[in-house]
Structure formats: structure tokens, C-alpha cells
A.B. asks: 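Let me begin by handing over the structure; questions about it come next.
Reminder, nothing fancy here: chain letters follow the sequence lines and each chain counts from 1.
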Amino acid sequence: MFAYKPKSLFPSLPKHISNSLLSHSSSSSSSLVSALPPRPSLRQTKQAHAHIIVSGHAAYSPLLSHLLCLLSLSPTTPFHYSLSLYHSIKYPSVFATNNMIRCFAKSDSPLLSLLLFSSSILRSCVKPNNHTFTFLLQACSRAMALTEGAQVHAVVVKLGFGGYVFVSNALIHLYCSCSRIECSKRVFEENVSSRDVVTWNSMLTAFVRDEQIGVAEKLFEEMPARDVISWSTMISGYVQNGRLEQGLACFKRMREEGIRMNEATLVSVLSASAQLGLLEHGRLVHSLAESLNFPLTACLGTALIDMYAKCGCIEQSKLLFKNMTQRDIWTWNVMICGLASHGLGKEALALFDRFVDEGFRPANVTFIGVLGACSRAGLVTEGRHHFKLMTEKYGILPEMEHYGCMVDILGRAGFVDEAVELIEKMTVSPDPVLWATLLGACKIHGSIELGEKIGNKLLELDPTHDGHYVQLANIYAKARKWEDVVRVRRLMAEQNTNKAAGWSLIEAQGKVHKFVAGDREHERSLEIHKMLETIGTRIAEAGYSPNVTSVLHDIGEEEKENVIKEHSERLAMAFGLLVTEAGECIRIMKNLRVCEDCHEVSKIISKVFEREIIVRDGSRFHHFKDGKCSCLDYW
DNA sequence: CTAGGGTTAG
């Protein structure tokens with residue numbers, strides 16, 4: 001269920017991004033945020049408890065039961081306190097017991113509620129009611145305890161509580177939490193007559209979690225009524241399943257239908273904007289949140305930080321982080337990963353230290369950020385140190401991604417043997433991506449023999465991945481073994497590999513423009529190609545000569561130059577220069593990594609056109625400014 | 001006298 005899937009830093013973009021995504025009808029501010037019901041704090045409840053004791057009412061159980069009810073509302077209440085209160089009730093009613101069960105259900109040990117149920121209700125004359133089962137099933141869901149949950153289900157049926165809509169909804173939710181979608185569906189179908197919007201939403205969630213988006217869509221359309229949670233579920237369902245533009249389209253439709261959004265909606269939409277790199281869209285959602293007076297919670301703030309970081313505005317992320325009043329572990333992790341993706345290694349490490357100083361315990365994701373920061377900034381000593389810290393001090397078992405970072409850190413810095421050693425010590429079998437990383441290092445450092453070995457191994461493991469062939473051929477080219485270069489190329493041609501199509505994307509004038517290499521489809525294609533000519537002339541004047549080693553085709557040198565001249569990011573850059581004001585920053589998102597030549601050209605363009613150019617490629621950000629790149633050519 | 005469903009990071 002939790003199989004490792006190699007994941008690039010940024011997901012691939014769906015084929016067709018609707019250009020209408022960015023156009024939004026401005027809604028009136030009448031759809032305000034729904035206010036949360038006031039809830040007493042633990043401190044206030046304790047004060048009330050003290051009053052009850054002091055005023056001599058401590059033996060009056062209804063009062064204590066109500067107090068317990070208040071405690072059960074807050075998920076942060078330690079259950080020891082609630083339990084002592086519960087024990088002070090001489091003859092607990094089902095009401096009191098239900099509330100104690102709920103306290104357990106919300107605690108870190110939800111299954112204790114089952115113990116209470118069997119010891120207190122089953123063994124006494126107190127009869128359970130529908131509330132009892134709702135809380136018990138909630139506890140089983142939270143614990144993902146299928147066996148226990150099924151047993152409770154049996155009791156529900158036996159005692160005839162299956163017809164209560166709260167109970168059957170809890171059952172649907174339970175089976176969904178335990179990944180038994182078929183069981184959820186069965187309960188759903190058995191309760192045709194007693195369904196409410198929660199029933200439908202729970203079923204919707206089940207399909208979404210099971211990645212049955214088509215079925216979820218159908219259910220969503222069939223629902224007799226949809227509330228904000230139905231919409232949020234659908235939107236987050238799209239986003240979690242990588243259907244980002246559909247998620248945004250659904251959000252748009254939701255707004256058109258006048259449904260008032262809530263924080264969960266915004267967070268999912270921000271995630272989609274972030275993954276797509278749609279800064280303007282993200283900004284729009286941000287201003288929407290502000291105009292609707294959403295409080296800047298840790299969750300919303302984190303989503304915003306992530307959006308700005310992934311859209312290239314790391315300064316904006318830092319500012320938000322600084323100004324936030326509530327931060328949780330997600331906030332820190334997102335900020336650390338954001339700094340890492342921008343190559344700000346030292347800052348990421350400093351933030352990590354602050355994070356630890358403030359008493360947080362780093363999680364494995366934290367270390368992916370930290371090690372990623374080291375790898376992108378070439379911090380070898382720090383990388384080794386933090387890897388050790390992670391495993392030895394925090395006892396975190398390294399995942400494939402951690403190894404990936406380490407192999408990259410060591411390999412690129414020339415410690416190829418140490419990287420091999422690390423791989424050999426791994427407890428899980430290394431992923432092809434890991435070998436590919438090492439292969440890259442071999443190419444840089446001219447380790448021909450090892451590279452040859454790894455390359456051939458990779459061709460076996462992953463014969464349809466064209467990148468491996470390219471890398472191996474590059475290694476042979478570096479060793480001037482031309483026959484081998486030809487052989488590998490021929491092999492690649494025979495294997496019918498999946499060549500990942502490169503694309504670049506730029507947002508301009510309220511639209512998303514996507515380019516592929518050699519693109520002539522754009523409505524302003526003529527002007528763009530004219531601009532490419534201008535760029536060519538001006539960078540040549542600045543002393544540029546093309547580097548075509550990264551082009552692997554059997555074509556002549558002159559043709560190669562033409563190919564790289566029309567790499568998708570060049571087209572996007574030309575278009576950007578065409579449509580933006582002088583001095584304005586140009587932001588480009590692309591799926592693959594930048595080639596060396598395009599990287600060089602971007603640097604020169606930034607200088608001769610006096611533009612800051614920010615490129616997000618498959619693994620990191622490049623900030624080109626005044627002839628230099630923030631990656632310091634280490635990428 | 002009590003209740004349920006949706007949210008973010010690699």
C-alpha cells in the first residue's frame with residue numbers, strides 16, 4: 001500500500017492546460033467564512049470543574065457528565081484528565097460513558113474506547129445507544145482497526161442500530177479508512193432509504209481515496225445535494241490524484257455556483273496552483289483568502305508558503321513564514337524544502353537548527369528537505385553529518401529519497417566510491433533512479449568503467465527509459481569510444497523508448513502558454529521566432545558560442561544548433577521577452593532539467609537583456625541574473 | 001443532554 005514510487009520534485013503537467021483557468025469571475029464578498037462555534041478551552045473547563053468542586057456539587061453527576069462532554073470536544077485534552085473526571089462519577093449514565101468514549105476516540109489511543117465499552121457498558125445494565133456506536137466506530141476509523149471495527153459492526157447489526165444514519169455513515173467512513181472500499185459501498189447500498197449529505201460525502205471520499213476518480217465524478221453528479229465538503233472532497237480528490245487542472249476547473253465551477261468555500265478548499269486549490277507553478281492563480285487565491293477574512297492558520301499559511309516557493313517567489317515565502325503566528329511541523333518542513341529547491345542550502349540548514357531549537361522533532365520529510373538542500377548546494381560535510389544525525393540521533397530509517405540525496409551529494413562531489421559503499425549497505429534494494437544518479441556522477445568524474453557497468457545494468461532494469469541510454473552514450477563520448485556511442489544509440493532506437501517530451505510553461509496576460517521544442521503552434525509564433533533571431537544575434541555579440549554536446553541525434557552540427565535553439569524554454573523565454581515590460585522578471589516552469597547550453601544562454605540573456613529569469617526545472621530553481629545563475633552552475 | 005464527512009510537505 002505504501003510502495004515507494006520515485007517522484008520528481010515537480011509532477012508532470014497535464015497535456016492541456018485550459019487557458020480559462022486564470023479567468024475568474026470576481027465574486028462579491030457576501031460569501032463570508034463560516035464562523036466556528038465558540039468552544040471552551042481546556043483551562044476554562046478546568047476552572048469550571050474547580051468551581052463545581054469548591055461549591056460542593058462534585059457529586060452531582062449530570063453536571064460532571066456535561067463537563068466531560070465539553071472535554072470530549074477538544075482533541076488536545078489529555079485523556080487522563082477526562083478519565084479521572086469520569087471515575088469521579090459514581091453511577092455513570094450512558095451519556096457520561098459516551099462522552100468518555102469520545103474522549104478516548106479523539107486521543108492518541110482511540111482503541112481504549114473499546115475497553116471502556118466492554119468493561120462499562122457490556123458488563124452493566126447501561127444500554128448503549130446510537131451515539132455510543134458513532135463514537136466507537138470513529139475510534140476504530142482513527143486507529144484504522146478493521147478487525148475491531150468489524151466486530152463493532154456486528155454488535156451494531158445485532159442490537160439493531162444499523163438503520164441510524166449517523167451509525168451507517170460512521171461504518172462507511174470506517175471501511176474507507178481501512179481501505180475496504182467494497183465494504184463502504186455495501187453499507188452505502190444497504191442504506192438507500194436513510195442517506196443524507198454526509199452519507200454521500202463519505203462514499204465520495206471512499207472513491208477518491210481509492211483513486212476511482214471517474215466513479216467519484218459520477219457520484220458527485222448524482223448526489224441529491226452538495227455542500228462545501230462535497231466540493232472540497234472533489235477538488236482535493238482531483239489534486240491528490242494529479243489531476244491538477246481539473247481540480248482548478250472544479251473550484252471555478254464551485255464559485256460560479258455560488259458555494260461558499262472554506263479553508264480546506266483553499267488549501268487544495270493552493271496546492272494545485274503550486275504544483276502547476278501558476279503564480280498569478282496562486283496570488284488570486286491568496287487575495288481571495290484575505291478578502292474573505294480567512295484567518296492565517298498554520299495550515300493555510302503553510303499552503304501559501306508552499307505555493308509561493310513552488311512558483312519561484314521564495315522571498316514571499318520567507319516573509320509569510322516570518323509573519324505567521326501559528327506554525328506547525330508542516331510549516332517548517334515546507335519552508336525548509338522550499339529553501340532547498342531554490343538552492344539556498346545554508347539558509348535551509350540554519351532553519352533546520354532553529355526548528356530543532358524550538359523543540360520540534362524532525363520527521364523523515366524534514367530530512368529530505370535538509371539533504372536536498374545539501375545536494376543542491378554541494379554541501380558534502382553537512383550532508384554526511386545530517387544523514388548521520390537522522391539515523392543515529394533521531395532513529396529515522398532512511399528511505400529511497402534520502403539515499404538518493406546522499407548518492408547525489410557524494411557522487412557529484414567526486415566521492416563515487418563512498419556513494420557505492422552507501423548503496424551496498426542499504427537494507428532495501430536500490431531504485432533505478434539511484435543508479436541513474438550515480439551514473440550522472442560517473443559521467444561528471446569520468447569514471448568510465450563503473451559508469452559502463454551501471455549504465456548496462458540500468459538498460460536491463462529499465463529498458464524503455466531513454467535517459468539511461470543518453471547518459472551511457474555521453475559517458476562513452478567522454479571516453480571517446482565512438483563505436484560504443486553508436487551502439488548505444490542504435491540500441492535506443494531499436495528499443496522504442498519512451499522519450500519524455502519536454503515542455504516549458506509561462507504565465508502571461510492572464511493565460512498559461514505552453515511550449516514544446518520546435519513549437520510553431522503558438523498564435524504569435526512568427527514574432528517568437530523573430531525574437532529568437534534577435535536573441536541569437538545579441539548573445540553572439542556577447543561572446544556566446546553554442547555547446548551541442550547535450551544533443552544526442554545523428555545530425556550535423558548546424559542542425560544540432562537549430563535543435564537547441566528551439567528548446568522549449570528558449571521559446572518561452574523569447575515569448576516572455578516579447579510580452580513583458582522591460583525589466584520585468586520572467587518566470588518559466590519546465591518538466592525536464594535544463595540542458596547545459598540553455599543554462600548558459602539563459603545566463604547571457606539575463607545580462608544582455610537586463611532581465612531576471614527564474615526557471616523551475618524538474619529538480620530545482622535557477623535564478624538567472626546579471627549573467628549568473630543562483631545554482632552557481634552546480635546542478 | 002451527546003454525533004458524522006473534506007485540508008498542506010518529499
Side-chain angles (χ1 to χ4, degrees), chain A residues 4-11 61-63 65-70 72-73 93-103 105 129-138 141 164-174 176-177 184 196-206 208-209 227-237 239-240 261-272 274-275 297-307 309-310 328-338 340-341 363-373 399-402 404-405 619:
Chain A
Y4 165 73
K5 259 191 284 179
K7 209 157 74 176
S8 80
L9 179 55
F10 305 109
S61 14
L63 209 49
S65 304
H66 275 286
L67 214 52
L68 207 54
C69 180
L70 287 181
S72 76
L73 291 171
S93 62
V94 66
F95 175 58
T97 307
N98 284 348
N99 283 316
M100 192 56 227
I101 288 177
R102 175 142 82 139
C103 286
N129 59 20
N130 44 345
H131 295 173
T132 317
F133 291 106
T134 311
F135 298 142
L136 280 179
L137 290 168
Q138 188 185 61
S141 302
Y164 286 91
V165 66
F166 274 82
V167 175
S168 54
N169 290 349
L171 282 166
I172 294 173
H173 181 64
L174 164 80
C176 167
S177 304
S184 296
D196 63 8
V197 66
V198 179
T199 320
W200 287 89
N201 286 346
S202 302
M203 201 58 232
L204 191 66
T205 305
V208 158
R209 289 237 190 118
D227 66 4
V228 59
I229 294 186
S230 326
W231 285 92
S232 297
T233 305
M234 204 60 228
I235 293 171
S236 79
V239 177
Q240 282 167 9
M261 67 195 84
N262 62 16
E263 187 179 296
T265 324
L266 290 173
V267 168
S268 293
V269 171
L270 283 169
S271 167
Q275 292 182 62
T297 59
C299 186
L300 182 60
T302 302
L304 285 167
I305 290 176
D306 186 46
M307 183 277 290
K310 289 214 173 85
D328 60 14
I329 182 154
W330 291 77
T331 321
W332 290 84
N333 286 343
V334 162
M335 194 67 232
I336 291 171
C337 292
S341 74
N364 52 4
V365 187
T366 320
F367 281 104
I368 287 168
V370 167
L371 296 176
E399 291 171 9
M400 203 59 75
E401 282 88 346
H402 299 107
C405 292
S619 72

A.B. asks: If you only use heavy atoms from C-beta on, which nucleotide in dA3(B), dT2(B), dG10(B) is closest to the side chain of Asn98(A)?
C.D. replies: dT2(B)
A.B. asks: Taking Ser232(A) for the side chain and Ile229(A) for the main chain, is one N or O donor matched with an acceptor at less than 3.5 Å?
C.D. replies: no
A.B. asks: Apply side-chain contact (heavy atoms from CB on, under 4.5 Å) to the pair Asp306(A) and Thr302(A), showing each step before the final yes or no.
C.D. replies: CA-CA 6 Å; Asp306(A) 186 46; Thr302(A) 302; 5.5 Å; no
A.B. asks: For Lys310(A) and dT8(B), is the shortest distance between a side-chain N/O and OP1 or OP2 below 4.0 Å?
C.D. replies: no
A.B. asks: Per the atom types in the model, does the base of dT8(B) pair as donor or acceptor with the side chain of Asn333(A) at under 3.5 Å?
C.D. replies: no
A.B. asks: Give one of base, sugar-phosphate or nothing for Thr233(A), where a contact means two heavy atoms less than 4.0 Å apart.
C.D. replies: sugar-phosphate
A.B. asks: Considering only dA3(B), dG10(B), dT8(B), which nucleotide approaches the side chain of Asn130(A) most closely?
C.D. replies: dA3(B)
A.B. asks: Are OP1 or OP2 of dA3(B) and a side-chain N or O of Arg102(A) less than 4.0 angstrom apart?
C.D. replies: yes
A.B. asks: So, is Gln240(A) close to the dT8(B) phosphate, meaning a side-chain N or O under 4.0 Å from OP1 or OP2?
C.D. replies: yes
A.B. asks: May I have the step-by-step check of side-chain hydrogen bond (donor to acceptor under 3.5 Å, both in side chains) for Gln275(A) and Ser271(A), ending in yes or no?
C.D. replies: CA-CA 6 Å; Gln275(A) 292 182 62; Ser271(A) 167; 3.1 Å; yes
A.B. asks: Check the distance between dT8(B)'s C1' and Gln275(A)'s CD and give it to me in whole angstrom.
C.D. replies: 11 Å
A.B. asks: For His131(A), give me all partners under ring pair (Phe, Tyr, Trp, His ring centres under 6.0 Å), at least two apart in sequence or on another chain.
C.D. replies: none
A.B. asks: When you measure from the side-chain N and O atoms of Ser271(A) to the phosphate of dA9(B), is any distance below 4.0 Å, counting only OP1 and OP2?
C.D. replies: yes
